[in-house]
Amino acid sequence: MKDEMCREIDIIVNSAATTRFDERYDTAIRINALGTLNVLKFSKQCSKLKMLLHVSIAYVCGEKEVLILEKPLHYGETLNGGSQLDIEVEQKLVEETLKDLKARNATEKKVTLAVRVLGNERAKIHGWPNTYSFTKAMGEMLLGHLKEDLQLIILRPTIISSTYKEPFPGWTEGLRFQLIWL
């Protein structure tokens, strides 16, 4: 099945994400950054692929610059310019934190709280307002850094929403977004 998909797919749209602003840091990295990396790896196996469209969020550029900055994020770049972001270091920090919490027999509630706080603290250190926009930025960085010759478009909407039923399922009105062509 996978081989057939790789032979036939010509466009991939990745809009998967966890969108909680205070998501557990381990979950947010796994889905928003590493999940994006997995989509990229799959995309590179598709022989007919013409384009990978990645749906991000406008707030990867920060809250004030959201409608101004329309440039790609470079690997390791931060919003505050005073730090360097190393995604592997962030992953190791999460793993060490979880290991330490387990060694102290922390309850699941305490683990969840600690990892949520860690994500928001790490986001703020690097200039992002929350874990969501921070890990979505990581995903963009991984794409830009590892895309090679793949045709990549990053779409940065300010919000994604649609209707459940009325006037019909999936209906939207008034779109506002940034488009980054890499």
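It should be emphasised that the depicted structure is a prediction, and the values quoted were computed from it without experimental measurement.
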Please report the closest heavy-atom contact between Ile9 and Ile11, naming both atoms and the distance.
CG2-O, 3.6 Å

Is the closest side-chain heavy-atom distance between Lys48 and Cys6 below 4.5 Å?
no

Can you tell me how far apart CG (Leu73) and CG (Leu85) are? Round to the nearest 0.5 Å.
10.0 Å

Could you check if a side-chain atom of Tyr132 sits within less than 4.5 angstrom of a side-chain atom of Thr19, using non-hydrogen atoms only?
yes

Minimum heavy-atom separation for Ile12 to Cys46, with atom names?
CD1-SG, 4.1 Å

Which atom names give the shortest non-hydrogen contact between Gly76 and Met141, and what distance separates them?
N-SD, 3.6 Å

In terms of side-chain heavy atoms, does Thr131 have a donor or acceptor partner in Glu23 at a distance below 3.5 Å?
no

Measure the CG-CG distance between Leu40 and Leu146 for me, rounded to the nearest 0.5 Å.
6.5 Å

Take a 6.0 Å sphere around NZ of Lys110 and say whether it holds more than 12 heavy atoms from other residues, nucleotides or ligands.
no

Going by heavy atoms in the side chains, are Val55 and Pro157 under 4.5 Å from each other?
yes

If we ignore hydrogens and angles and just use 3.5 Å, is the side chain of Arg116 paired with the main-chain N or O of Asp22 as donor and acceptor?
yes

Is any side-chain heavy atom of Gln84 closer than 4.5 Å to a side-chain heavy atom of His126?
no

CH2 of Trp128 to CE of Met138: how many Å apart, nearest 0.5 Å?
8.0 Å

Looking at CG of Asn38 and CG of Leu142, how far apart are the two atoms once the value is rounded to the nearest 0.5 Å?
10.0 Å

When rounded to the nearest 0.5 angstrom, what is the spacing between CG in Asp26 and CD1 in Ile31?
9.5 Å

Does the Ser56 side chain pair with the main chain of Leu155, one donor and one acceptor, at a distance under 3.5 Å?
no

With hydrophobic residues grouped by side-chain heavy-atom distances under 4.5 Å, do Val13 and Ile153 end up in a single group?
yes

Side-chain atoms of residues 92-103: list all donor-acceptor pairs with protein atoms under 3.5 Å, sequence neighbours left out, distances to 0.1 Å.
{"unit_1": "Thr97", "atom_1": "OG1", "unit_2": "Leu93", "atom_2": "O", "d": "2.8"}
{"unit_1": "Asp100", "atom_1": "OD2", "unit_2": "Arg104", "atom_2": "NE", "d": "3.1"}
{"unit_1": "Asp100", "atom_1": "OD2", "unit_2": "Arg104", "atom_2": "NH2", "d": "2.9"}

Verify whether one side chain among Glu90 and Tyr25 offers a donor that lies under 3.5 Å from an acceptor in the other.
yes

Quick check: are there more than 12 heavy atoms from other residues, nucleotides or ligands sitting under 6.0 Å from CZ of Phe21?
no

What heavy-atom pair brings Phe42 and Met5 nearest, and what distance separates the two atoms?
CZ-CE, 4.0 Å

Please lay out, stage by stage, how Met51 and Leu152 fare under the test side chain to side chain contact (heavy atoms under 4.5 Å, CB included).
CA-CA 6 Å; Met51 174 183 59; Leu152 170 66; over 6 Å; no

Spacing of OG belonging to Ser43 relative to CG belonging to Leu52, to within rounding of 0.5 Å
4.0 Å

Applying side chain to side chain contact (heavy atoms under 4.5 Å, CB included), run through Lys124 and Phe134 and close with a yes or a no.
CA-CA 9 Å; Lys124 288 178 182 16; Phe134 181 40; over 6 Å; no

Pair Lys41, Leu37 - check side chain to side chain contact (heavy atoms under 4.5 Å, CB included), show working.
CA-CA 6 Å; Lys41 287 177 182 176; Leu37 182 59; 3.9 Å; yes

Using modelled atom types and a 3.5 Å cut-off, is there a donor and acceptor pairing between side-chain atoms of Asn14 and backbone atoms of Val39?
no

Side chain proximity check, Glu140 to Arg156, heavy atoms < 4.5 angstrom
yes

Who are the side-chain contact (heavy atoms from CB on, under 4.5 Å) partners of Glu148, not counting sequence neighbours?
Lys44

Any residue meeting side-chain contact (heavy atoms from CB on, under 4.5 Å) with Ser47, in chain and number order, not counting sequence neighbours
none

Is there a side-chain contact between Val60 and Leu79 (heavy atoms, below 4.5 Å)?
no

Looking at Thr18 and Ala28, what are the two nearest heavy atoms and their distance?
CG2-CA, 3.8 Å

On a heavy-atom basis, the closest approach of His54 and Thr36 is CE1-OG1, 3.5 Å

